[in-house]
Amino acid sequence: MENTEKKSRNFIQEIIDEHNKINRFDKKVHTRFPPEPNGYLHIGHAQSICINFGIAEEYGGKTNLRFDDTNPTKEDIEYVESIKEDVKWLGFHWDGDVRFASDYFDRLYDFAVQLIKKGVAYVDSSTLEEIKEERGTPTEAGKESKYRNRPIEESLDLFERMKNGEFKDGEHVLRAKIDMSSPNMNMRDPIMYRIRHAHHHRTGDKWCIYPMYDWAHGQSDSIEGITHSICTLEFENHRPLYDWFIDQLGIHHPQQIEFARLNLNYTIMSKRKLLRLVEEGYVNGWDDPRMPTISGLRRRGYTPKAIRNFADRVGVAKRDAVSDVSLLEFSIREDLNQRARRAMAVLNPLKVVITNYYENKVEELEAVNNPQDETMGKRLVPFSREIYVEQHDFQEVPHRRFYRLTKGSEVRLRYAYIIKCEEVIKDENGNVIELHCTYDPETKSGGSSTKKVKGTIHWVSAKHAVNAEVRLYDRLFNAEFPEADKEKDFTEFINHDSLTVLKNCKIEPSLVSAKAGENYQFERNGYFCIDSKDSTEEHLVFNRTVTLRDSWAKISGKK
RNA sequence: UGCCGGAUCGUCUAAUGGUAGGACAACGGCCUUUGACGCCGUCUGUAGAGGUUCGAAUCCUCUUCCGGCAACCA
């Protein structure tokens, strides 16, 4: 029932529908995507981007891109640029200019003064340890600070002097005066400002006090007129605090809605752990094609459309969930099947001599560029007496359902002729190094011959072949849930065979013009793309995006 | 044992008091000049116990299990 599938609403859409019904936000929908510029975006962020931009699009609303840059010691402009690029690459357009929480530092400061004057915020001169001590535990109420009831004037004065740089880091903080015995830890007089004599990537040295995320975030949303602040589950407990700030200030009140973040099996999503993979050299950078980062997926050959389709299929809900990576793979295969140009490439070459073919003859054979899309046209592929085929397409002792080359068997060369394997040449160690075959001139592709064989294999003309390096990627972790074992570090589950480099691949000549950003299907092998960093005209490097579905692997695994 | 949230096929997600459906995965078959694609079919699920009701995944009660919360991080 496609019909019901289209009509079904996720819980966020239901909430917005209800708001529109009761006219809560004048039927407006304005969302935002608010990353902290302290790392690269991953597939989980991609889902959040799709939700925020997708929801707004659906309701004819807008989405802001705002960097929550409230901690100058962790953040960097490099990350700002990469995040902007990733959002654009996914195909989304933010409303107006990129925003920064730091754009609102002056207003946040004024808001804070307002709350101090109102008697609901105070400067606390306790030490870090004292504050920690007095916060209590989830099951035990906290204690009020001895500075909690200091006169408003005194707090005002101290806060201004904090701003003016009269104190060292950690000497004072500004706290909201709420309830030290609240069962919600976030309401136990949370810290609003801390002193940090640090250089900020945008405001420079203007400030030496910086707002905490909890104090900056809700007000930033309010200032921007956000209607629906969509965020992940861990901020659910913070919502009462955000609501409290907004209500105390009497400003525009967005509705926060929390959803369960995306998890994927056989990988990790924590920025901190991803950083470790990079720093400890398990991968070659944030955009290593094995990384679940958007930049890694892009380099691997994933398309924005595949990622967006994946996000749609996974859906959104409030329960914790781990999605199956096979769904991501399905999404990229589905997209690439439609758009990727086909080509022939032999990854592990085995030489074949067609003994009854003319010594110097070359035929240009017509090959379809994409059987799913006629408009992609055809190309010519050179054929000659010596070709390369895949080592795996020959079996000396064939599996009973093996339809390819074995001594005496016939197989079709894709877009060319049917050949028969006559002789197997081995080296002194007994390794098969060459096959001698004969071809049937009557069976030229497109001809009138009705001869049928069960197997068809790809090939590349030896004298026309171009050498290339091909990198095959496998999952980065062997364990389905690398973080689940509390005893072991996640790095113990790293798959040490996640990268296989093949340096002696033979590709058809038309592939020399391949450019980064294009997707190809190497027939019977998988989807591949030029590596955007390491490939050069002299030394082509291809990345395998994903294999084709391989039912032969299942058959051969049995017997 | 505090507060907040959650529990539907193997996985993800619908059904909002009226036939538990879809996608992925798996399995079987058809098709095939890609063992691809496509097509057809099969399998598997409401955490448990009570209750309300003609009728409960849905409402009520109790239980069990899972996640989050004690950075001057976000």
Side-chain angles (χ1 to χ4, degrees), chain A residues 1-2 4-5 7-10 14 34-36 38 68 70-71 73-75 124 127-128 131-132 135-142 169-170 172-175 182-188 190-196 210 212-214 216-217 231-240 258 260 262 265 271 310 312-331 333-334 337-338 342 344 368 371-372 401-404 411-416 418 443 445-446 452-458 521-526 547-556:
Chain A
M1 321 248 150
E2 252 171 46
T4 57
E5 200 178 352
K7 269 189 213 150
S8 81
R9 316 288 286 156
N10 65 46
E14 281 176 357
E36 184 191 14
N38 70 338
D68 272 331
T70 56
N71 187 350
T73 63
K74 282 184 158 186
E75 295 149 7
D124 193 337
T127 63
L128 180 62
I131 290 176
K132 236 179 217 175
R135 188 154 25 225
T137 70
T139 52
E140 252 177 303
D169 287 6
H172 308 279
V173 290
L174 183 72
R175 299 177 75 177
S182 170
N184 182 344
M185 299 289 291
N186 296 119
M187 303 298 272
R188 320 243 263 227
I191 292 168
M192 296 163 65
Y193 273 96
R194 75 284 215 192
I195 301 172
R196 279 261 195 292
Y210 290 95
M212 298 290 290
Y213 173 86
D214 274 352
H217 188 77
C231 64
T232 45
L233 248 31
E234 71 267 29
F235 294 105
E236 207 159 25
N237 292 335
H238 297 239
R239 178 157 32 90
E258 309 88 5
L262 173 74
N265 57 6
K271 269 194 204 175
F310 168 71
D312 284 346
R313 288 201 173 94
V314 165
V316 54
K318 287 202 80 151
R319 49 175 168 266
D320 288 305
V322 184
S323 290
D324 201 318
V325 70
S326 69
L327 186 60
L328 215 212
E329 293 177 345
F330 170 81
S331 297
R333 285 191 187 110
E334 171 192 52
N337 179 46
Q338 291 304 318
R342 312 286 127 123
M344 292 197 283
V368 174
Q372 311 293 319
R401 288 175 67 185
F402 184 74
Y403 304 143
R404 285 110 86 175
V411 70
R412 173 167 288 283
L413 295 176
R414 178 87 158 146
Y415 297 123
I418 291 174
T443 57
S445 184
K452 295 263 181 212
V453 286
K454 277 200 153 176
T456 299
I457 63 172
H458 61 280
Q521 183 194 103
F522 292 176
E523 294 209 23
R524 303 206 308 128
N525 266 319
T547 61
L548 257 25
R549 270 191 71 226
D550 186 3
S551 54
W552 167 245
K554 283 169 201 159
I555 297 165
S556 61

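Chain identifiers are assigned alphabetically (A, B, ...) following the order of the sequence lines, protein sequences preceding nucleic acid strands; residue numbering begins at 1 within each chain.
Residue-level contact check: A:Lys452 touches the backbone only, with heavy atoms under 4.0 Å from sugar-phosphate atoms and none from bases. Across all strands, A:Tyr210 comes closer than 4.0 Å to no nucleic acid atom at all (heavy-atom distances). As judged by a 4.0 angstrom heavy-atom cut-off over every strand, A:Arg188 is placed among residues making no nucleic acid contact. When heavy atoms are screened at a 4.0 angstrom cut-off, A:Phe402 is found touching base atoms of the nucleic acid. Backbone-only engagement by A:Val316 is indicated by non-hydrogen atom pairs under 4.0 Å involving sugar-phosphate atoms exclusively.
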*In the 5'-to-3' direction, what one-character label does each nucleotide of nucleotides 63-74 of chain B receive under the scheme B = base within less than 4.0 Å of a protein heavy atom, S = sugar-phosphate only, - = no such atom?*
----SBSBSBBB
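At a cut-off of 3.5 angstrom, counting only N and O atoms as typed in the model, there is no donor on one side facing an acceptor on the other between the side-chain of A:Arg313 and the base of B:rU11. With hydrogens and angles ignored, no donor-acceptor pair under 3.5 angstrom links the side chain of A:Arg524 to the base of B:rU34. Between the side chain of A:Ser445 and the base of B:rU33, at least one donor-acceptor pair of N or O atoms lies under 3.5 Å.
Residues passing the side chain to side chain contact (heavy atoms under 4.5 Å, CB included) test with A:Ser326, sequence neighbours excluded: A:Asp324. Residues forming a side chain to side chain contact (heavy atoms under 4.5 Å, CB included) with A:Pro371 (at least two apart in sequence, or on another chain): A:Arg342, A:Val368. Residues passing the side chain to side chain donor-acceptor pair (under 3.5 Å) test with A:Glu75: none are found, sequence neighbours excluded.
Taking side-chain N and O atoms only, A:Arg414 has no distance below 4.0 Å to OP1 or OP2 of B:rU33. Within the 4.0 Å cut-off from OP1 or OP2 of B:rU13, at least one side-chain nitrogen or oxygen of A:Arg319 is found.
Base orientation at B:rA36 is anti, since its O4'-C1' glycosidic dihedral falls outside 90° of 0.
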Taking N or O atoms only and anything under 3.5 Å, show me the protein contacts with nucleotides 25-29 of chain B, one pair per line.
{"unit_1": "B:rG28", "atom_1": "OP1", "unit_2": "A:Lys558", "atom_2": "NZ", "d": "3.1"}

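Helical stems in RNA chain B, defined as runs of 3 or more consecutive Watson-Crick or G-U wobble pairs with donor-acceptor distances under 3.5 Å: B:2-7 with B:64-69, B:10-13 with B:21-24, B:26-30 with B:38-42, B:47-51 with B:59-63.
Closest to the A:Thr139 side chain, of the nucleotides B:rU34, B:rC12, B:rU1, is B:rU1.
Donor-acceptor pairing under 3.5 Å is recorded for the side chains of A:His238 and A:Asp214. Using modelled atom types and a 3.5 Å distance limit, the side chains of A:Arg412 and A:Thr443 yield no donor-acceptor pair.
Considering every non-hydrogen atom in both A:Ser331 and A:Arg313, the closest pair reads OG-NH1, 3.2 Å.
Across the protein-nucleic acid pair, A:Asp550 atom CG and B:rU32 atom P stand 20 Å apart, rounded to whole Å.
Both A:Ala416 and A:Ser551 sit near RNA chain B, but only A:Ala416 has its closest nucleotide nearer the 5' end.
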